[in-house]
Every structure is written in structure tokens, then in C-alpha cells.
Amino acid sequence: MKNKILKIVLRVLLAIVLLIFTVLGVFSIGERFVFWNFYHNSERHEPIPGLWEGYIPQGYTVLDSSTRLSCGYMSNGEASRIYVTSGINDPVFVSMKKADGSNYTGHTGGISVYGDNVYITAKTGCDIFSLSDILDGDGSAIQKDSVATINDPAYCVINGNMLYVGSFYREGNYETPESHRLTTPAGDKNTAIISAYKLNSDTGKPYGSIPDYVYSTAGLAQGMTFTDDGRMIISTSYGFAKSHLFVYDIDKATVDNDGFDINGVKIPLIYLDSDCLTHDIVAPPMAEEIIYDSGIVYIMNESASMKYLFGKLTSGTHVYGYKLDQ
């Protein structure tokens, strides 16, 4: 009798295990089918670090030909992290600290580097850390300064000596000021902006409090990068919805030289809309900041973090490089 019961239990357990593997397989294959165009044109790259430790990936940038920096916050309330990924070496993380030495627990939506300055997006601009402090091997880095911007940035990019900081908009829970919500010449309803500041190479800070120009963008923007030929790519995502990589030909964008008003000061406004959109690339959910390098768009996403989990069942555990058509 005992042997019979044991056999029944083992069969039930085996059936459950087989069912789990079947569901996982169907889920994974289904994702590949839904995003066939993306995966068909992409290659898997390095694993995203910290995914089993409560780390939630957000920012992503190139430091040099072999090294990248990524940043994110911790679901358990610990200090936010900056990961240093270099060649074949295992990624190492640096715990972020405020100027007073307490834990820095910001969302860290974006990261970019200019000289020894590492810019991390904050609530009212960017907080600045020292690159040498991040790389000195002691496992922590202390905030040394900050930059105020006219928008609440979700991502940031350095291109040349310009700092670009972009907002995220979603109706109801991530609102932007009414003055940032614009109807473009193409008739698109843009709901966010990117403000662009020329940086002083000596101080690493903008020359003034007013940006040199502003881009009008769609909402749900999570990251941005520039191609070698000057095109701009913006990644958008939210929740389980499909991500998008919108590629814009800046040369075809409409420019209003006095189109954006900041307390009576008129600055150029550049519309990113369907008139200058060249590609709309559909990608898996939860794309965050992106990097462009030599024809490849590298995408960091947060779907496989312990906060969301579902990416562990699909392809969310790794960076993917999408080969961008010219």
C-alpha cells in the first residue's frame, strides 16, 4: 500500500514538473514569436548583473571600448548601485552614497560620463559622482555635486560637450508640466521634453540655468542615444506593454527658434514627431536606457529583476544588441 501511494505521489510530482517546464517553454517560445523581428535582427550579449540580489536595472552607458557602466536601485531599500562591466571580468558593483555618507537610494534612471564626472538622473536634475571614486576599488562612491534642470529627468546622455536630460510622461502617475505637452507640426501629441545644456569642461556643469535648446518628445521615454550619423533614438516602455525604439532624423525635424519659453526667455524648440521618424522598432517589454555603438543598439531592461520576475522566463536576463538599418 505504501509503495502504491509513493508511486502515485512521484507521478503527480513528475506531472507537475513536466507541466512547469512545458509552461516555461511555451512562454519563452511565445515571446520569441511575438518579437520575432526584434530577435531575428539581434544578438545576445552580456548578462545583466544583480538580478537575483534585488537590483533593478535603469541606466546604461559606455565608458570606453571595453567598459560599460550601468546603474539601478534596490528593491530592498539598500543603496543604489553602479555596476562596472569590463571585458571578460565579472561585473563589480559600487554602492552609492550621499555627501553625508548615508545611503543614496535614488531611482537612478540614467547615467552618463563627461571627464571625471558621472551624471545620475535625480528628481530635479542630475547628481554628480566622481568616475575615479567609482573605479578606485573601495566599493562605494560619494555624491560630489548636482545639476538642476528645468525638467524632472528619467534619463541622461552626454554627446560631445552637451548634456541631454529627458522626461518620462504617463497620464495619471507621471505627469509633466502643461508647457511641456505640445502638439507638433505633424499633429502628434507630445507630452515630454529633453533639455540640452552645454557643459563647461573645467567644472562639468552647464554654463547657465537655462538650456541651450529643447526637444519635444513622446511620453513613456526611458532612454536615448545618438548614432554616428547624428540620428537620435529614444526608447519607450511601461509595464508589460511592448517597448519601442523610435529613430529620428534630426536634420528633418522642425525647429522653432523661439518656440520654448522659460520665464520670458525664448530658446529653440525641436519637434521629434512623425515627420522626422525613420524607424519604429518594436522590442520586448521594459526597455530602459540604450547605447549605440558601431551600428548596434544595446538595450538594458528591467523585466528580469526580482521586482518583476517575468523576464527570467524570457530573454530579459541579458543585454541584446539590435542591428540598426541605415
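These figures come from a predicted structure and were not determined experimentally.
Between Ile193 and Phe260, some side-chain heavy-atom pair lies under the 4.5 Å cut-off. Looking only at side-chain heavy atoms (C-beta outward), Ile281 and Asn41 stay at 4.5 Å or farther from each other. Between Val319 and Ile48, the closest side-chain pair of non-hydrogen atoms falls below 4.5 Å. Two residues are said to be in side-chain contact when any heavy atoms from C-beta on lie closer than 4.5 Å; Pro285 and Phe310 meet this criterion. Using a 4.5 Å cut-off on side-chain heavy atoms (C-beta onward), Glu43 and Ile296 make no contact. Met300 places a side-chain heavy atom less than 4.5 Å from the side chain of Ser70. Using a 4.5 Å cut-off on side-chain heavy atoms (C-beta onward), Glu78 and Glu53 make no contact. Between Tyr169 and Arg181, some side-chain heavy-atom pair lies under the 4.5 Å cut-off.
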Please determine whether side chain to side chain contact (heavy atoms under 4.5 Å, CB included) holds for the pair Val247 and Val297, giving the CA-CA distance in whole Å, both sets of side-chain angles, and the decisive distance to 0.1 Å. CA-CA 11 Å; Val247 185; Val297 183; over 6 Å; no
Any chance you could lay out the ring-ring contact (aromatic ring centres under 6.0 Å, His included) test for Tyr55 and Phe93, step after step, and finish with the verdict? CA-CA 10 Å; Tyr55 172 73; Phe93 74 84; 8.6 Å; no
Show your working on side chain to side chain contact (heavy atoms under 4.5 Å, CB included) between Leu51 and Thr317 and close with a plain yes or no. CA-CA 8 Å; Leu51 293 178; Thr317 56; 4.2 Å; yes
Between Tyr292 and Asp228, does the side chain to side chain contact (heavy atoms under 4.5 Å, CB included) criterion hold? Intermediate values first, please. CA-CA 8 Å; Tyr292 176 88; Asp228 295 332; 3.6 Å; yes
Audit row: Asn103, Thr105, side-chain hydrogen bond (donor to acceptor under 3.5 Å, both in side chains) steps and yes/no: CA-CA 6 Å; Asn103 283 347; Thr105 57; over 6 Å; no
As a quick check of understanding, evaluate side chain to side chain contact (heavy atoms under 4.5 Å, CB included) for Ile250 and Leu272, giving each step before the final call. CA-CA 8 Å; Ile250 303 301; Leu272 299 180; 3.8 Å; yes
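Here CG of Asp293 is found 12.5 Å from CG of Leu324. Values are rounded to the nearest 0.5 Å. Taken to the nearest 0.5 Å, the OG atom of Ser146 stands 10.5 Å off from the CZ atom of Phe129. Annotation: the span from Ser237 atom OG to Leu245 atom CG amounts to 10.0 Å, rounded to 0.5 Å. Residue Asp273 holds its CG atom at 8.0 Å from OG of Ser216, rounded to the nearest 0.5 Å. Atom CD of Glu288 and atom CD1 of Ile56 lie 10.0 Å apart (nearest 0.5 Å). Expressed to the nearest 0.5 Å, how far OH of Tyr207 lies from CG of Asp212 amounts to 10.0 Å.
Checking side-chain atoms of Gln58 against main-chain N and O of His107 turns up no donor-acceptor pair under 3.5 Å. Panel note: side chain Asp64, backbone Thr67; a donor-acceptor pair is recorded below 3.5 Å. Looking at Ser235, its side chain does come within 3.5 Å of a backbone N or O of Gly223 through a donor-acceptor pair. Remark: the backbone N or O of Tyr73 is not paired with any side-chain donor or acceptor of Ser80 at under 3.5 angstrom. Looking at Ser243, its side chain does come within 3.5 Å of a backbone N or O of Ala287 through a donor-acceptor pair. With Ser95 contributing its side chain and Ser140 its backbone, the two residues share no donor-acceptor pair below 3.5 Å. The closest donor-acceptor contact from the side chain of Thr236 to the backbone of Leu220 lies at 3.5 Å or more, if one exists at all. Although no hydrogens or angles enter the test, the distance criterion places no donor-acceptor pair under 3.5 Å between the side chain of Thr278 and the main chain of Asp249.
Here the closest non-hydrogen pair linking Gly208 and Tyr197 is O-CD2, 4.1 Å. The two residues Met96 and Ala79 make their nearest non-hydrogen contact at O-CB, 3.5 Å. Closest approach of Gly110 and Thr121 over heavy atoms only: N-OG1, 2.8 Å. Asn151 approaches Val165 most closely through the heavy-atom pair ND2-O, 3.0 Å. Pairing each heavy atom of Thr183 with each of Tyr271, the nearest pair is O-CE2, 4.2 Å. Closest heavy-atom contact between Lys198 and Asn161: CE-ND2, 3.3 Å.
Both Ile111 and Val94 are members of a single hydrophobic cluster when ILVMFWY side chains are connected at heavy-atom separations under 4.5 Å. Note on Phe38 and Val34: same hydrophobic cluster, where clusters join Ile, Leu, Val, Met, Phe, Trp and Tyr whose side-chain heavy atoms are under 4.5 Å apart, directly or indirectly. The cluster map of Ile, Leu, Val, Met, Phe, Trp and Tyr, joined by side-chain heavy atoms under 4.5 Å apart, puts Ile82 and Ile142 in different clusters. Residue Tyr155 is not grouped with residue Ile158 when hydrophobic side chains (ILVMFWY) are merged at heavy-atom distances under 4.5 angstrom, including chains of intermediate members. Taken together through direct or relayed side-chain contacts under 4.5 Å among Ile, Leu, Val, Met, Phe, Trp and Tyr, Ile210 and Leu199 form part of one hydrophobic cluster.
Geometrically, Arg68 engages Tyr298 in a cation-pi contact defined by less than 6.0 Å to the ring centre and at most 45° from the axis.
Within 6.0 Å of atom NZ in Lys266, 12 or fewer heavy atoms from other residues, nucleotides or ligands are found, so the atom counts as exposed in its surroundings. Summarising the local packing, NZ of Lys312 is surrounded by more than 12 heavy atoms from other residues, nucleotides or ligands at distances under 6.0 Å. For Lys242, the NZ atom counts as loosely surrounded, since its 6.0 Å shell holds 12 or fewer non-hydrogen atoms of other residues, nucleotides or ligands. Within 6.0 Å of OH in Tyr39 there are more than 12 heavy atoms belonging to other residues, nucleotides or ligands.
Checked by atom type, the side-chain pair Thr184/Asn190 shows no donor-acceptor distance below 3.5 Å. Under the 3.5 Å distance criterion, with hydrogens and angles disregarded, a donor-acceptor pair is assigned to the side chains of Tyr213 and Tyr164.
Under a 4.0 Å N-O distance rule, the pair Lys98/Asp100 does not qualify as a salt bridge.
Sorted by first and then second residue, the pairs that involve residues 127-148 and meet salt bridge (charged side-chain N to carboxylate O under 4.0 Å, His left out), not counting sequence neighbours, are Asp116-Lys144, Asp145-Lys205.
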